[in-house]
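Data first, discussion second: the structure below is written as structure tokens.
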Amino acid sequence: MKKVTRRTFITTATLATGFALAVQPISAKVITTNSRGLVAGMVKIPVKDGSIPAYRAMPSTGENFPIVLVIQEIFGVHEHIQDVCRRFAKLGYSAIAPQLFIRQGDVLRLSNVDEIRKVVAKVPDEQVLSDLDATVDWAVKSAKGNAERLGITGFCWGGRITWLYAAHNPKVKAGVAWYGRLVGDKTNLTPNHPVDVASSLKVPVLGLYGGKDTGIPLETVEQMRAALNKNNKSEIIVYPDAPHAFFADYRPSYREKEARLGWQRLQAWFKQHGV
């Protein structure tokens, strides 16, 4: 039998359809966006050590689309993240969500959240930022994307990455971070957290947080606010009654009012900053 190398694994990896096993059962309030008028589905993004799967959605006609990087939760690029991409495509964006954990493991097929966390804990920030650079390059060359109109948004784990990528790539026009962790221990894999890059941040980022988020204390939100460069124009909004993952319509944490307001603010933020 031919040996399966790490490079071979990520090159042949695909995205699962449906929701991650760990998020069952799915809420009756789940939002489903159709793909009529869109080009939507899995693509391969060339990266340094092979290629990684990603979900892409964009209008079926036209070109020079503004680009939005959609960054996953710990559950990977499952149906919810894919649906968010289709929502962006319906607004005229080329939206791409790369599977950023695939080298460390396939979290979509894990049913235990603790096992998923073990996989996620092995993911280096350096790898993630490099993969996102490659995704932007692919979007411009292969998905009719406009490099001058680049935005990023992410949820939970992806919210933290949104702050970090905005600091990493000054070509990003704007970011929107949904309840991403702001502080944490520095390690070789995670040398910086959003609060560490706040003072040097040049890209305007809108942070959307829940006042009843038990995993992200409000004092860390205030710490981030204090650390932000006042000339940067970033903002943080806290919805007092919202828990963590209030945008996740497939989970019990979903809060329709706050999710709708956040989505409206995201669109206005992107428009304001040229995405």
Side-chain angles (χ1 to χ4, degrees), residues 14-43 53-59 68-101 106-117 119-120 152-162 176-180 208-216 237 239 241-267 270:
T14 61
L15 293 179
T17 57
F19 290 89
L21 289 180
V23 300
Q24 308 293 336
I26 304 305
S27 169
K29 295 183 178 180
V30 66
I31 295 172
T32 302
T33 305
N34 64 57
S35 57
R36 287 193 296 272
L38 306 179
V39 175
M42 196 198 84
V43 296
Y55 187 86
R56 177 275 311 271
M58 68 181 190
V68 178
L69 300 174
V70 180
I71 314 302
Q72 64 202 56
E73 315 149 296
I74 64 168
F75 304 113
V77 184
H78 66 140
E79 176 58 26
H80 174 63
I81 298 300
Q82 294 175 25
D83 197 272
V84 171
C85 288
R86 293 193 295 273
R87 297 176 208 180
F88 275 117
K90 293 282 187 177
L91 296 174
Y93 291 96
S94 179
I96 307 123
Q99 179 62 292
L100 297 168
F101 304 160
D106 188 351
V107 297
L108 296 170
R109 293 177 172 85
L110 296 176
S111 59
N112 186 294
V113 175
D114 289 336
E115 291 301 313
I116 291 176
R117 290 195 178 104
V119 172
V120 176
I152 183 171
T153 191
F155 307 88
C156 187
W157 181 89
R160 173 181 175 272
I161 295 300
T162 295
V176 179
W178 300 78
Y179 34 84
L208 301 173
Y209 287 80
K212 294 185 177 179
D213 189 332
T214 58
I216 302 177
I237 294 171
Y239 296 101
D241 297 324
H244 188 73
F246 61 84
F247 189 78
D249 50 73
Y250 65 98
R251 296 168 64 183
S253 58
Y254 177 58
R255 298 295 183 270
E256 183 177 1
K257 176 183 175 182
E258 288 85 350
R260 184 176 65 253
L261 289 172
W263 186 245
Q264 290 170 352
R265 280 195 161 115
L266 175 148
Q267 292 177 66
F270 279 173

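Values in this document were obtained by computation on a predicted structure and should not be read as measured data. We count residues from 1, following the sequence as given.
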Could you tell me the separation between the [atom1] atom of [X] and the [atom2] atom of [Y], rounded to the nearest 0.5 Å?
X: Leu108; Y: Ile116; atom1: CG; atom2: CD1; result: 8.0 Å
X: Leu100; Y: Leu69; atom1: CG; atom2: CG; result: 9.5 Å
X: Leu266; Y: Leu208; atom1: CG; atom2: CG; result: 7.5 Å
X: Lys90; Y: Thr33; atom1: NZ; atom2: OG1; result: 7.5 Å
X: Glu73; Y: Ile81; atom1: CD; atom2: CD1; result: 4.5 Å

* Asked: Would Trp157 and Ile71 count as a side chain to side chain contact (heavy atoms under 4.5 Å, CB included) if you check the C-alpha gap in whole Å, the side-chain angles of each, and the deciding distance to 0.1 Å?
  -> CA-CA 8 Å; Trp157 181 89; Ile71 314 302; 3.8 Å; yes
Okay, side chain of [X], backbone of [Y]: is any donor-acceptor separation there less than 3.5 Å?
X: Tyr55; Y: Ala40; value: no
X: Thr153; Y: Val176; value: yes
X: Gln82; Y: Val77; value: yes

* To do: Could you give me the CA-CA distance, side-chain angles and deciding distance for Val23 and His80, then say whether side chain to side chain contact (heavy atoms under 4.5 Å, CB included) is met?
  => CA-CA 10 Å; Val23 300; His80 174 63; over 6 Å; no
* Give the ring-plane orientation class for Trp178 versus Phe247, where under 30° counts as parallel, over 60° as perpendicular and anything between as tilted. =>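 Ring orientation of Trp178 relative to Phe247: tilted.
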* Would you call the rings of Phe155 and Tyr179 parallel, tilted or perpendicular if under 30° counts as parallel and over 60° as perpendicular? ->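 Taking Tyr179 first and then Phe155, their aromatic rings sit tilted (interplane angle of 30° to 60°).
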Under 3.5 Å donor-acceptor pairs involving side-chain atoms of residues 253-262, not counting sequence neighbours:
{"from": "Ser253", "atom 1": "OG", "to": "Ala245", "atom 2": "O", "distance (Å)": "2.8"}
{"from": "Arg255", "atom 1": "NH1", "to": "Pro252", "atom 2": "O", "distance (Å)": "3.1"}
{"from": "Arg255", "atom 1": "NH1", "to": "Ser253", "atom 2": "O", "distance (Å)": "3.2"}

Any heavy-atom pair between the side chains of [Y] and [X] that's under 4.5 Å?
X: Phe270; Y: Leu91; answer: no
X: Leu21; Y: Phe75; answer: no
X: Asp241; Y: Lys212; answer: yes
X: Thr214; Y: His244; answer: no

Return the minimal non-hydrogen interatomic distance between [X] and [Y], and the atom names on each side.
X: Arg56; Y: Ile96; result: CG-CG1, 4.0 Å
X: Gly154; Y: Thr162; result: N-OG1, 3.0 Å
X: Ala89; Y: Leu38; result: CB-CD2, 3.6 Å

* To do: Quick one: list whatever passes side-chain hydrogen bond (donor to acceptor under 3.5 Å, both in side chains) with Gln72, sequence neighbours left out.
  =>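 Checked Gln72 against side-chain hydrogen bond (donor to acceptor under 3.5 Å, both in side chains); matches are Gln99.
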* **All side-chain hydrogen bond (donor to acceptor under 3.5 Å, both in side chains) counterparts of Arg160, not counting sequence neighbours** =>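 Once residues adjacent in sequence are excluded, the partners of Arg160 under the side-chain hydrogen bond (donor to acceptor under 3.5 Å, both in side chains) criterion are Asp125, His193.
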* **Within the 6.0 Å centroid threshold, strictly below: Tyr250 and His78** =>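 Aromatic pair counts; centres sit under 6.0 Å.
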* Test side chain to side chain contact (heavy atoms under 4.5 Å, CB included) applied to Asp83 and Ile31, step by step -> CA-CA 8 Å; Asp83 197 272; Ile31 295 172; 4.1 Å; yes
